[in-house]
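Quick caveat, the model's predicted, so the values are computed rather than measured.
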Amino acid sequence: MAAQMFEGRGHAAVYQKYRFAPGKELQQTILGYLQEKRVNPAGLVVDVGCGSGQGTRFIAEHFKKVVGTDISEAQIQEARDAPSPPNISYLVCPAEELPFEDASVDVLASFTAAHWFDIEKFMREANRVVKPGGCAVISTYTMDMSLRYGNCSEKLTKAFRESWDLLLKYSHSRVKHVLEDYKEIFEALPFPDKKRITDIFDKIPMTVAGVVGYLESVSPYQAFMKNEPEAAKSFLQETEKRMLETMGVSSPETPVEFWVRHVCVLGCK
């Protein structure tokens, strides 16, 4: 059974504001693979579990027709409300029941979402809708993250990771797929030609406020907020305060480098 963790309109708005699009290294990895496999740029790409559309908009820069799907109506509304090119459309539907004909999809993509799906059912759907010669692109960013700022990068990263560690006790059991670098998802992909890349590192430009907002957007924080709202709010305030003190600055809009490791599962049917 799929896990629905990003349902509320308030959470969807935070997700839209603070979640980042695929970074340059991940983009190049994906586009290089699809070019190597000679995927038709005029074909249909479906972004499953698209959330508020960060990955969908990246894909739409390179393909003629892109459909983003998500089980959450609130997330799809956020995606529709965001500025998007005319070649994107959005649908509310589960990842395990895609409303596409057999062998009709050129690329089936999913960005930081597949660990929430019923993996066995999703893979059956992937096998059904992807054309022979079509591809699957399933990626996630990991919890291998670091922050860089001046000469305090090590202390700043330590503060950030300690905040993450506090949140982890609220994480859903599905997060194990991320912690295991999508190994099980890779093994479940029913395409004969496949590979898993685990060492894609991207620098994401952010601010202190953006880093704190990212933490607010993750599912463990939302579970924390549901259980202990006052403690959760204090957690964000303390995280921001500690980061600013470590950096020796006062403005939450101070830029920082946010480094993240991605995992990407690629397959060709």
Side-chain angles (χ1 to χ4, degrees), residues 1-2 4 6 21-22 26-73 75-76 79-80 82 84-140 177 182 184-197 262-269:
M1 185 177 172
Q4 294 175 234
F6 304 92
L26 179 60
Q27 290 185 23
Q28 288 171 6
T29 299
I30 291 168
L31 295 174
Y33 180 81
L34 296 177
Q35 286 164 6
E36 176 194 326
K37 299 300 178 184
R38 299 185 177 180
V39 173
N40 178 12
L44 171 63
V45 181
V46 177
D47 178 16
V48 185
C50 68
S52 45
Q54 285 85 346
T56 322
R57 293 188 287 274
F58 146 61
I59 287 283
E61 295 172 14
H62 304 279
F63 288 87
K64 193 169 181 180
K65 185 179 181 185
V66 180
V67 180
T69 74
D70 203 282
I71 198 167
S72 165
E73 290 186 19
Q75 290 281 5
I76 289 295
R80 286 175 175 153
S84 294
N87 58 327
I88 296 179
S89 59
Y90 291 103
L91 294 171
V92 177
C93 70
E96 303 80 9
E97 298 173 31
L98 298 172
F100 301 98
E101 298 292 326
D102 295 0
S104 63
V105 174
D106 293 86
V107 179
L108 194 70
S110 184
F111 299 97
T112 315
H115 48 283
W116 300 116
F117 305 161
D118 180 318
I119 291 167
E120 185 181 342
K121 289 181 180 177
F122 170 65
M123 291 303 179
R124 277 206 298 269
E125 276 294 81
N127 205 33
R128 181 183 70 80
V129 302
V130 173
K131 294 176 179 178
C135 292
V137 173
I138 304 171
S139 76
T140 187
H177 294 299
Y182 270 22
E184 190 175 327
I185 289 169
F186 168 72
E187 289 168 352
L189 183 65
F191 298 172
D193 178 0
K194 61 183 180 179
K195 62 182 178 178
R196 178 174 63 125
I197 306 169
H262 298 277
V263 169
C264 193
V265 173
L266 300 161
C268 186
K269 186 174 175 184

Measuring from [X]:[atom1] to [Y]:[atom2], what's the distance to the nearest 0.5 Å?
X	Y	atom1	atom2	value
Cys135	Lys269	SG	NZ	11.5 Å
Arg80	Ser89	CZ	OG	8.5 Å
Glu125	Asp102	CD	CG	8.5 Å
Ile88	Asp47	CD1	CG	9.0 Å
Arg38	Cys268	CZ	SG	12.0 Å
Gln27	Ser139	CD	OG	10.5 Å

Exam field: side chain [X] to backbone [Y], donor-acceptor pair closer than 3.5 Å:
X	Y	value
Ser110	Ile138	no
Asp70	Ser52	no
Asn87	Ala60	yes
Glu96	Phe117	no
Lys194	Leu189	yes
Arg196	Tyr182	no
Asp106	Gly134	no

Please report the shortest heavy-atom distance between [X] and [Y], naming the atom on each side.
X	Y	result
Pro22	Gly55	CD-CA, 3.9 Å
Ala136	Phe191	CB-CE1, 3.7 Å
Lys64	Ala42	CB-CA, 3.7 Å
Ile76	Gly68	CD1-O, 4.1 Å
Tyr90	Ser84	OH-OG, 3.9 Å

Non-hydrogen side-chain atoms of [X] and [Y] separated by less than 4.5 Å:
X	Y	value
Cys50	Gln75	no
Lys37	Asp193	yes
Leu26	Phe58	no
Val263	Phe186	no
Tyr33	Ile197	no

Residue among Lys121, His115, Met123 satisfying side-chain contact (heavy atoms from CB on, under 4.5 Å) with Ile119
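Output: one option passes, namely Met123.
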
Residue of the set Val137, Asn127, Leu98 for which side-chain contact (heavy atoms from CB on, under 4.5 Å) holds with Leu108:
Leu98

Please indicate whether Glu97 has more than 12 foreign heavy atoms, meaning atoms of other residues, nucleotides or ligands, lying under 6.0 Å from its CD.
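No, not enclosed.
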
Please identify each residue that fulfils side chain to side chain donor-acceptor pair (under 3.5 Å) with Lys65, with sequence neighbours left out.
none

List the steps and the verdict of side chain to side chain contact (heavy atoms under 4.5 Å, CB included) for Leu44 and Phe100.
CA-CA 10 Å; Leu44 171 63; Phe100 301 98; 4.2 Å; yes

Identify whether the distance between the nearest side-chain nitrogen and carboxylate oxygen of Glu120 and Arg124 falls below 4.0 Å.
yes

